[in-house]
Each structure stands twice: as C-alpha cells, then as structure tokens.
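Because the structure is a prediction, the values reported are computed rather than measured. Residue numbers start from 1 in every chain, and the chains themselves are labelled A, B, ... in the order their sequence lines are given, proteins ahead of strands.
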Number of protein chains: 2
Amino acid sequence: MEHQRDRDDLDTVLGKALAVLRAFGPADSVLPLAELVRRTGLAKGTAHRVAGDLVHHRLLDRTEHGYRLSGGLFELGLRAAAERTLVELAMPFLQDLYERTHETVHLGVRQGGEVLYLTKIGGHRQARTPSRTGGRMPVHCTAIGKVLLAHADEEELTAVLSGPLERRTPRTVVAPGLLRRQLAKAVEAGVAYEYEESTQGLLCVAAPVLEPDGRTAVAAISVTGPVGRFRPEPHANTVRSAAAALGAVMAGRSRG
Amino acid sequence: MEHQRDRDDLDTVLGKALAVLRAFGPADSVLPLAELVRRTGLAKGTAHRVAGDLVHHRLLDRTEHGYRLSGGLFELGLRAAAERTLVELAMPFLQDLYERTHETVHLGVRQGGEVLYLTKIGGHRQARTPSRTGGRMPVHCTAIGKVLLAHADEEELTAVLSGPLERRTPRTVVAPGLLRRQLAKAVEAGVAYEYEESTQGLLCVAAPVLEPDGRTAVAAISVTGPVGRFRPEPHANTVRSAAAALGAVMAGRSRG
DNA sequence: CGACGGCGTTCCGCTCAGCGGTACGCTGTT
DNA sequence: AACAGCGTACCGCTGAGCGGAACGCCGTCG
C-alpha cells in the first residue's frame with residue numbers, strides 16, 4: 001500500500017515535487033540532481049525540470065554542488081499553526097528546565113511509531129545527542145517516545161508493540177512484555193526514563209503534556225544528559241511539573 | 001513585475017499549490033476554502049482540488065472550519081539545512097544571553113527589506129513583542145533589521161532607504177538621512193539599538209553575526225525588553241560578543 | 001416562510017502543461 | 001582515446017488538470 005501510494009503520487013505534478021522535497025533526509029544538506037533522480041525514481045529530464053520549478057518557487061536553492069532546501073520552505077513550515085503555538089507556549093517552560101539543569105531539553109510529538117522533535121535547546125557543554133530539531137527517532141527507545149506511547153490508545157500501542165522493535169544499543173528494550181510493563185509504570189509515575197536505550201552514554205527523563213482530559217498526550221518534554229555527570233531521577237519532579245504547567249496553559253488557550 | 005509573476009505562477013500546478021500555502025499569513029491558523037479562493041484568485045473548483053491534493057500530501061490539515069498548514073510542512077521546513085544549522089549552532093549562545101538577561105532573545109536574518117525571525121526565546125515574564133518565530137518585520141524599525149542593513153551592500157541599502165519608510169510608532173525613524181547616519185554608527189559600534197521604533201514600550205540591542213571577511217552579515221542576535229525595567233546599552237557588549245562567538249563557530253564549521 | 005446568498009462539493013468535456021525518451025556537451029577517470 | 005557520470009536541451013504525444021456550471025446545504029434576511 002505504501003508502494004502503491006508512492007507510485008500513484010509520482011503520477012502527479014505535486015507528487016513529484018514533494019518526492020523531490022522529501023528526498024532530503026534530516027542529515028542531507030545539498031543533493032546533486034543525479035542523487036535526486038536516484039532517490040525519487042523520476043526520469044532525469046523530469047527531475048531536472050521539477051527541481052528547476054521548485055527553485056523558481058523558492059522551495060529549493062541552487063548551489064554549486066546541487067540543490068538545497070531553501071529558507072522559503074523554512075519560513076513556510078514556521079507558519080504551521082498548531083506546531084508553532086505549541087513551541088511558543090512551551091518555550092518559557094523549556095527555558096526554566098534548561099536553567100535548572102543546564103542539560104539538553106527536548107520538546108517532541110509522536111507521529112505513528114516515531115518521535116518528531118520540535119525543539120531542542122542546550123548549552124555549549126550539551127551531551128552529544130543524535131536527535132535534531134525536525135529529526136525523528138523510534139518511540140520505543142526514547143524517554144519522550146515511551147511516555148507518549150504510554151498515553152496512546154490501546155490500538156496504537158499494540159501496533160507498535162507487535163511490530164519489530166529495533167535494537168539500537170545493548171540496553172534497548174526489545175521485549176514487548178517488558179516494554180508494556182515499563183509503559184504502565186510510566187503512566188502511573190507521570191514520567192518515563194531512558195537508560196542508554198537509543199544511544200550509548202545518554203540518560204533521559206520525559207513527562208507528557210496532557211489534554212485537559214488527563215489522558216491523551218499532545219506532546220512531551222524531556223531532559224537529557226550524559227552518563228557520569230547526569231542522573232535522570234532527581235529531575236523527574238521538575239520535568240513533570242513543567243509538562244503539567246504547559247498542559248494547563250494550553251488548555252486555557254484553546255478554551256479562551 | 002510582481003503582478004506578472006503572480007499571474008504566471010497561477011498557470012502551473014505547483015504555482016497554484018504554493019499560492020494556497022502562501023495564502024496563510026503568519027497570523028492565520030485555519031482558513032476556509034472560500035477564503036483561500038479569495039486570497040489566491042483561483043477558481044473555486046480548482047482551489048478545492050488543489051487543497052484536497054495538499055491534504056493528501058500532508059501539507060495541509062482538514063479541520064471542521066477549513067484548512068490549516070500541517071505538521072508535515074513544519075517538519076519539512078525544519079529540514080532546510082542552512083537555517084537549521086544556523087539555529088542549532090546559535091542556540092547555546094542564545095541560551096547564555098537569556099540566562100544573563102532573562103529578556104526575550106531573537107535570532108533573525110534579512111530577506112530584502114524585511115527581517116525574518118528564525119528563533120525567539122523567552123521566559124514567562126517576557127515583554128509583549130509583536131515578533132514571532134517565522135514572522136517578519138520591516139528592517140528600518142528594528143534593531144536586528146538595522147544592524148543587518150548596516151552590513152548590506154550599498155545597493156541594497158539605498159534600495160531600502162529610497163523606498164518609503166513606514167511609520168510604526170511616533171519614534172520610528174523615517175528620515176533616510178538620519179537612518180543612514182544611525183547605520184554608519186552601528187557598523188562602527190558593532191551594535192544597533194531600537195527605542196520604541198517598531199512597537200511602543202519596547203527597547204532592543206542587536207549585533208551582527210559576520211562572515212569571516214568581517215563585512216557581510218549572515219544573521220543577527222538581539223535582546224529585547226520593556227521600557228521601565230530594561231536598558232539596552234548595558235547589554236551591548238554581551239550581545240556583541242555572543243554574535244562574534246557564533247560567527248567564529250560558523251566560520252570554523254564551514255571550513256572544517 | 002420562501003427567497004436568497006454564501007458555502008463546500010461534484011461533474012465533465014477541452015486543451016495545453018507536462019512528460020520522458022533521446023541526444024548532446026562537459027568533466028574527470030581509467 | 002575511450003569511457004562513465006553528470007547537467008542540460010529538445011520535442012511530439014497525451015492524459016492530468018482546468019474551470020465553468022450546476023447542486024445541496026445551511027444560515028439569514030425581508
């Protein structure tokens with residue numbers, strides 16, 4: 001079905017354009033035309049024209065070495081209302097967290113089986129995390145992911161648990177039963193932890209930002225630090241109350 | 001010529017799609033179809049289909065009351081390499097500034113005669129600024145704008161100075177001569193100030209992030225606070241050195 | 001209450017925008 | 001000198017996309 005959609009989408013102009021834009025992964029900065037052709041499966045001539053059109057519409061920049069997602073796209077993305085207000089409202093709380101811990105602070109949402117990081121703030125001495133603003137990570141091996149999954153409906157939960165759980169490090173939890181127990185505990189405690197499950201040397205606490213109903217989670221906040229100088233448990237309370245406060249603000253906002 | 005482009009662009013699928021996306025201003029969260037029709041000038045049927053396609057491609061969300069820019073677009077925008085690395089590298093310095101001042105901190109770039117704000121960080125008690133992440137302001141009445149304009153080439157400078165300078169507040173500098181003198185001083189001092197020129201009750205200092213050549217500015221950093229508790233001058237040094245340090249980091253990055 | 005205006009949606013036949021195979025010129029590499 | 005990979009340019013066929021028209025559904029008038 002995914003195949004199906006990919007193929008169908010390439011039959012429309014818009015589909016082709018998006019295929020080109022989405023050919024850029026979180027790590028790619030500039031891609032030559034040939035690479036775009038390879039990744040999208042478009043005909044060379046077509047890719048050339050589409051890319052040209054995208055440049056004309058300021059979604060791509062032309063550089064010496066190929067194409068690059070442009071500032072116009074960045075700006076457009078920043079107009080997305082839901083995500084932006086979330087980030088804006090969260091900022092003061094994230095600042096507080098950073099100031100107290102001086103460790104890396106994340107704000108993320110769940111998209112299916114992955115976490116999308118909306119913001120990441122940190123100082124000069126921040127831990128070397130693989131996460132990036134706009135990047136993704138699997139839900140099952142990150143604190144944010146676990147706490148969001150814990151508040152998802154049963155259906156989505158089992159979908160993730162029954163899928164394969166990729167082993168990222170020796171400590172990644174890949175046993176569905178164990179993970180399920182951890183999630184139950186996370187709901188109870190109001191926080192989830194990660195102990196080097198996505199990346200060696202990284203520890204993390206996360207708390208959910210809940211809707212007024214107290215069940216569904218719209219986002220999650222986390223603090224991440226390196227093994228050695230950082231222990232997540234002492235920050236559980238801080239993170240939890242920051243997330244709760246943000247939830248309250250958002251509830252007030254959507255009502256008023 | 002702008003007219004020309006608008007009309008031409010509506011003759012292509014991509015143009016229509018972009019017209020719809022760009023119909024969303026920084027302040028709009030959800031727009032009904034009829035409004036999209038009005039703003040884009042597309043035929044009703046066409047707008048309907050294009051919007052539908054955009055939903056299918058996850059650039060728009062369909063809601064009860066109309067369409068909304070979606071998280072997919074947000075994510076895509078965050079992939080724009082140049083802007084994102086700028087934000088990422090800047091973050092630690094912005095944090096430092098915030099921690100020292102506890103006032104609103106901005107990172108912005110210039111796009112023609114306007115400033116585009118890439119990031120805005122602040123705490124709970126931040127001044128009520130009209131700026132928003134992803135938002136724009138005229139160059140001539142903001143500290144960031146002035147310091148960026150001051151480092152632009154003569155051509156661009158005169159273009160802005162010869163255009164009409166919109167009066168935003170009683171203190172907005174609308175005299176080209178005076179503005180030019182301020183800019184000259186800003187280059188010399190390494191910072192520009194704003195005294196309630198864009199918004200009543202707001203003061204601001206900004207410093208440029210320069211290329212290794214020491215001339216062209218790629219971005220600018222500012223600290224903004226409310227008249228009364230905040231004086232910009234004492235922070236000139238801090239802002240200037242933060243911007244300089246960021247410039248150095250970026251220079252090192254692009255070389256290595 | 002009936003007429004009306006604005007809304008979102010659907011339909012359909014015409015046409016030209018877009019398609020992609022083909023070919024070319026330019027590099028570096030073998 | 002032959003080659004391989006790149007970006008670019010050309011061009012005739014065709015179906016994707018176009019937009020005018022018509023429809024059903026509300027509210028809001030007179």
Nucleotide N/O of nucleotides 14-18 of chain C paired with protein N/O under 3.5 Å:
from, atom 1, to, atom 2, distance (Å)
dG18(C), OP1, Thr12(B), OG1, 3.2

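- Residue Thr46(A) has a polar side-chain atom (N or O) positioned under 4.0 Å from OP1 or OP2 of dG20(C).
- Here His151(B) pairs with nothing under the ring pair (Phe, Tyr, Trp, His ring centres under 6.0 Å) rule; sequence neighbours left out.
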Name the atoms and distances for all side-chain donor-acceptor pairs under 3.5 Å in residues 41-52 of chain A, with sequence neighbours left out.
none

Polar atom pairs between nucleotides 2-8 of chain D and protein, under 3.5 Å, N or O only, would you list them?
from, atom 1, to, atom 2, distance (Å)
dC6(D), OP1, Arg38(A), NH2, 2.7
dG7(D), OP1, Leu33(A), N, 2.9
dG7(D), OP2, Ala34(A), N, 2.7
dG7(D), O6, Lys44(A), NZ, 3.1
dT8(D), OP1, Arg62(A), NH1, 3.1
dT8(D), OP2, His48(A), NE2, 2.9
dT8(D), OP2, Arg62(A), NH1, 3.2
dT8(D), O5', His48(A), NE2, 3.4

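- Among pairs with a residue in residues 62-82 of chain A, those fulfilling salt bridge (Lys or Arg N to Asp or Glu O under 4.0 Å) read Asp61(A)-Arg68(A), Glu75(A)-Arg79(A), Glu75(A)-Arg136(B), at least two apart in sequence or across chains.
- Applying the side chain to side chain donor-acceptor pair (under 3.5 Å) criterion to Lys120(A), with sequence neighbours excluded, gives Thr129(A).
- The aromatic rings of Phe93(B) and His124(A) lie perpendicular to each other, with more than 60° between the two planes, well past the 30° mark.
- Under the side chain to side chain donor-acceptor pair (under 3.5 Å) criterion, Arg132(B) pairs with Glu88(A), not counting sequence neighbours.
- Residues passing the side chain to side chain donor-acceptor pair (under 3.5 Å) test with Arg168(A), sequence neighbours excluded: Glu166(A).
- Not a single side chain to side chain donor-acceptor pair (under 3.5 Å) links Arg215(B) to another residue, sequence neighbours left out.
- Between the P atom of dC18(D) and the CG atom of Leu42(B) lies a distance of 9 Å, rounded to the nearest Å.
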